[in-house]
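Here is the structure we will look at, set down as structure tokens.
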Amino acid sequence: MIETLIVEDDYHVATIHGAYVRRVDGFDVSGHASTLASGRTEIQRLAPALVLVDIYLPDGSGLDLLREALEVAGP
């Protein structure tokens, strides 16, 4: 099962993403975060295989979150 974290501040959009991910065979939603800070925490806690990230979060850019996650993961 490919565990997916959804980082999205709009509850309705996050719900739609989650419903879609759950319909795809082999994928499941392991968590949801609505801010950059909670996204960082959830990536560390859950170690998801896939992260769906909103670019515009209330406390920063989702692109920064992805860069940080890639630096931690290494090459």
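Computed from heavy atoms alone, side chains included, the values below leave out hydrogens, waters and symmetry copies. Just so we're clear, the structure is a prediction, and the values are computed from it rather than from any experiment.
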Problem - Reported CZ-to-CZ distance for the pair Arg22 and Phe27, which is rounded to 0.5 angstrom - result: 13.5 Å

Handout entry: Backbone N/O of Ala37 and side chain of Thr41: donor-acceptor pair under 3.5 Å
Key = yes

Fill in the blank from the handout: side-chain contact (heavy atoms from CB on, under 4.5 Å) test vs Val7 passes for just one of Ile43, Asp54, Val51, namely Val51

Exercise for the section: Please tell me if the side chains of Thr4 and Ser30 come closer than 4.5 Å, counting only heavy atoms from C-beta onward. Expected result: no

Handout entry: Hydrophobic cluster identity match, Leu66 and Val21, side-chain contacts under 4.5 Å
Key = no

Practice task
Check whether any side-chain heavy atom of Glu3 lies under 4.5 Å from a side-chain heavy atom of Leu50, and answer yes or no.
Solution key: no

Practice task
Specify the closest pair of heavy atoms between Ile2 and Ala49, including all atoms of both residues, with the distance to one decimal.
Solution key: CG2-CB, 3.9 Å

Practice task
Kindly work out whether a path of hydrophobic side-chain contacts (I/L/V/M/F/W/Y, heavy atoms less than 4.5 Å apart) joins Leu70 to Val53.
Solution key: no

Practice task
Check whether the side chains of Thr35 and Ser38 place a donor and an acceptor atom closer than 3.5 Å, and report yes or no.
Solution key: yes

Practice task
Only one of Thr15, Ile16, Val13 passes side-chain contact (heavy atoms from CB on, under 4.5 Å) with Glu8; say which it is.
Solution key: Val13

Handout entry: Euclidean distance, Leu46 CG relative to Gln44 CD, rounded to 0.5 Å
Key = 10.5 Å

Exercise for the section: Check for a donor-acceptor pair, side chain of His32 on one end and backbone N or O of Leu5 on the other, with a separation under 3.5 Å. Expected result: no

Handout entry: Flag, side chain of Asp59 to backbone of Leu36, donor-acceptor distance under 3.5 Å
Key = yes

Handout entry: Sub-4.5 Å side-chain heavy-atom contact between Val29 and Ile6
Key = yes

